[in-house]
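Comments concern the structure below.
All of these numbers come straight from a predicted model, not from anything done at the bench. We name chains A, B, ... by the order of the sequence lines, and we start the count at 1 in each one.
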Amino acid sequence: MRLSRLFGKRQREIPAEADNISHQLLLRSGMIQPIAAGIYSFLPLALRTLRKIEQIVREEMDNAGGQELLMPALQPLELWEKTGRHLAFGSTLFTLDDRRQRKLILGPTHEEIITFLVRHHVQSYKDLPQMLYQIQTKFRDEPRPRGGLLRVREFPMKDLYSFDTDESGLEESYQKMVQAYKNIYTRCGLPFIMVEADSGAIGGKESHEFMLIADSGEDEILYCKSCGYAANLEKAVSKRTSVEGGQPLPVEEIETPGVTSIAEVAGFLNITENRTLKAVFYMADGHLVFVTTRGDVDVNEVKLKNTLKCLDLRLAREDEVSQAGIVAGYASLVGLKGIKSVADESVTLGSNFAAGGNKPGCHLKNVNYPRDFNADILTDISLTREGDGCPKCGESLLITRGVEVGHVFKLGTFLSEKMGAYYLDQNGVQKPIIMGCYGIGIGRILAGAIEQNHDEAGIIWPVPIAPYQVYLGPIFIDKEGIAEAGERLYRELEEAGFEVLYDDRMESPGVKFNDADLLGIPVRLTLSPRTLKNSTVEVKKRGEKESRIVPLEGITGFLKDILMKKGS
RNA sequence: CGGGGUGUAGCGCAGUUGGCUAGCGCGCAUGCUUUGGGAGCAUGAGGUCGGCGGUUCAAAUCCGCCCACCCCGACCA
């Protein structure tokens with residue numbers, strides 16, 4: 001490709017709207033163009049990288065036993081009403097009416113469609129297992145698109161669905177996909193981490209996410225250096241530790257006027273925060289829920305939401321709390337009746353806690369579980385923090401940020417049951433098909449790759465997903481045979497099978513070098529009167545400081561070597 | 001949806017106590033001179049000042065309503 005003809009202008013200045021690095025570089029390099037919030041055009045350069053990522057994904061899916069197909073983006077809302085998932089997706093679902101006022105949606109994912117398909121084409125255990133996938137555009141009306149391609153409303157995604165007869169089959173499919181995913185990120189040249197995850201709106205049981213480590217990532221990951229445990233913040237658990245509080249003593253009332261927060265209570269009584277009980281109030285699908293934890297523990301709202309099995313969860317407003325007869329600042333579960341309650345396990349890990357007295361200006365000392373209070377649900381709803389003990393080995397957990405570029409779920413049978421996707425087993429017994437689903441955000445890999453691989457000057461593409469492998473930039477192109485030599489070399493490289501971006505522009509060296517750096521093509525070739533005189537060319541790898549002079553004779557072999565080399 | 005911010009040429013910005021033909025840098029076009037890390041000079045093209053309405057002799061500038069986009073939070077590949 002001739003740079004003079006390449007569609008998509010590079011920009012010298014950082015676009016004002018772009019805040020994070022991949023967004024800035026994608027815009028500056030002329031790879032994407034926004035048209036509305038979270039909606040972008042992919043220009044030729046970006047599309048080449050996208051296609052390369054897709055190809056790697058496709059090969060790994062095929063290798064793992066997947067079959068590619070293509071489902072419609074346009075889906076009847078009816079299908080979603082059948083599974084009830086239109087409620088879980090809520091207004092994230094793009095909806096529209098056709099000319100007969102039939103409700104349609106733009107698919108945010110394809111479990112409904114694929115299950116419908118499979119229901120019609122699978123009858124017997126002999127038809128299973130199956131792994132079906134597609135690479136297709138997904139639509140999600142995200143509440144807040146952000147970060148360029150990191151979070152958008154229309155995006156290309158690979159989604160594979162597995163169908164098995166039993167749990168061990170699902171486990172096998174799941175492991176095949178995990179391995180395929182690992183292969184994909186490795187082949188793309190992108191360091192990743194696999195973490196335990198919450199399954200969110202998709203539903204289901206076990207779930208893992210694949211993260212590209214990057215500071216701009218939206219997700220927080222807790223991980224253990226010594227045993228390898230890693231989990232998304234919303235899923236992470238920690239080793240729970242008990243607080244020494246001594247033998248249970250009789251409950252005692254204390255006057256605590258104006259003392260409401262945990263910090264104030266602890267200070268007033270001269271005890272540590274983990275010797276108190278915290279009360280937090282949520283509205284779950286419109287109902288007030290009393291949530292209590294030990295004073296040093298924060299609530300993990302995702303865990304709480306899963307525990308309550310509710311669709312909508314938010315902190316309750318003051319008026320909602322007082323309407324329920326609760327005295328904010330002095331509340332506890334001691335003697336409280338008629339309100340749904342959830343307690344974190346931490347309330348059992350200690351004794352003689354300080355808690356609210358359920359009347360203004362009053363707290364209780366020596367509150368003990370379960371002697372003095374109980375909760376409808378006792379479980380882990382704690383927010384794990386950096387420094388907490390690893391649940392597996394007890395070492396201190398570390399925290400980092402990542403960009404989620406893949407997510408695998410064990411779905412089980414709830415979708416197949418709702419959609420009527422059954423098979424007959426060897427004994428002629430009808431059983432629901434066991435499902436798994438596996439997604440990769442192709443466009444997000446592109447953005448994540450830039451987040452991971454850049455410097456002040458621009459992008460540094462890993463070779464396997466670079467839009468072009470070689471940037472060929474003759475300088476002083478108007479001088480003694482340079483243009484001709486450039487054209488000759490361009491032709492030679494293309495004939496040898498290299499993907500070459502040929503900078504045929506009449507520009508100063510500085511302009512060309514800066515553009516080459518911005519675009520991040522892995523290898524830069526510079527042809528100049530100086531090098532040409534000795535029948536040589538200057539070769540510089542994008543990620544390296546030093547360049548070297550190489551004879552034109554045999555240049556294709558030389559390039560092959562450095563492009564193949566690992567880590568380049 | 002809550003909180004914050006911004007809309008003036010392709011990009012980055014100035015101008016906003018109302019006042020002349022709306023400016024600057026980059027980029028773009030033409031010409032000459034240049035050229036190993038974003039060259040110089042000259043000439044030139046390019047604007048519904050986010051939109052609608054109002055106030056006024058006069059609005060980018062004041063008032064009202066609306067829209068769009070960005071950032072922080074609740075959600076996700």
Task: Close aromatic pair by centroid cut-off 6.0 Å: A/His407 and A/Phe409 - done: yes

**Item:** A/Arg146/A/Glu218 salt bridge by N-O under 4.0 Å criterion
**Value:** yes

Which is true for A/Arg153 with a 4.0 Å heavy-atom rule: it touches a base, it touches only sugar-phosphate, or it touches nothing? nothing

Original post:
Going by 5.5 Å between centroids and 30° between planes, is there a stack of A/Phe513 over B/G36?
Top reply: no

inquiry  = Between A/Glu546 and A/Lys540 (salt bridge meaning N to carboxylate O under 4.0 Å), is one present in this structure?
reply    = no

Item to complete: Taking the six-membered ring for Trp and the single ring otherwise, decide whether the centroids of A/Trp80 and A/Phe89 are under 6.0 Å apart.
Response: yes

Mind checking if A/Arg314 touches a base, just sugar-phosphate, or nothing, with heavy atoms under 4.0 Å? nothing

Ranking B/G36, B/C70, B/C76 by distance to the side chain of A/Tyr40, first place goes to B/C70

Point to revise | Separation of the C1' atoms in B/G73 and B/G27, to the nearest angstrom | key: 38 Å

Using the P atom as the point on both nucleotides, what is the distance between B/C66 and B/A29, in whole Å? 44 Å

Worksheet entry | N-O pairing of A/Arg58 and A/Glu68 below 4.0 Å | yes

Quiz item: Across the strands shown, which category fits A/Val408 at heavy-atom distances under 4.0 angstrom: base, sugar-phosphate, nothing?
Solution: nothing

So what does A/Asp478 hit on the nucleic acid, given a heavy-atom distance under 4.0 Å: a base, only sugar-phosphate, or nothing? base

- Task: Output yes when A/Arg314 and A/Glu320 qualify as a salt bridge under the 4.0 Å nitrogen-oxygen rule, no when they do not.
- Result: yes

Exercise. Remember a base hit wins even if backbone is also touched, and classify A/Asn514 as base, sugar-phosphate or nothing at under 4.0 Å, heavy atoms.
Key: base

Residue-phosphate contact under 4.0 Å: A/Ser528 side-chain N/O, B/G36 OP1/OP2: no

Looking only at B/C69, B/C76, B/G37, the nucleotide nearest the A/Ala37 side chain is B/C69

Residues A/Glu112 and A/Lys82 bridged, charged N to O under 4.0 Å: no

The answer to which of A/Leu527 and A/Phe155 contacts RNA chain B further toward the 5' end, by nearest nucleotide, is A/Leu527

Exercise for the section: Considering just the side-chain nitrogens and oxygens of A/Arg144, establish if one lies under 4.0 Å of OP1 or OP2 belonging to B/C1. Expected result: no

For this session: Have a look at A/Glu538 and say if it touches a base, only the backbone sugar-phosphate, or nothing, with a 4.0 Å heavy-atom cut-off.
Result: base

Scoring nucleotides 3-14 of chain B by protein non-hydrogen atoms under 4.0 Å (B base, S sugar-phosphate only, - none) yields --------BSS-

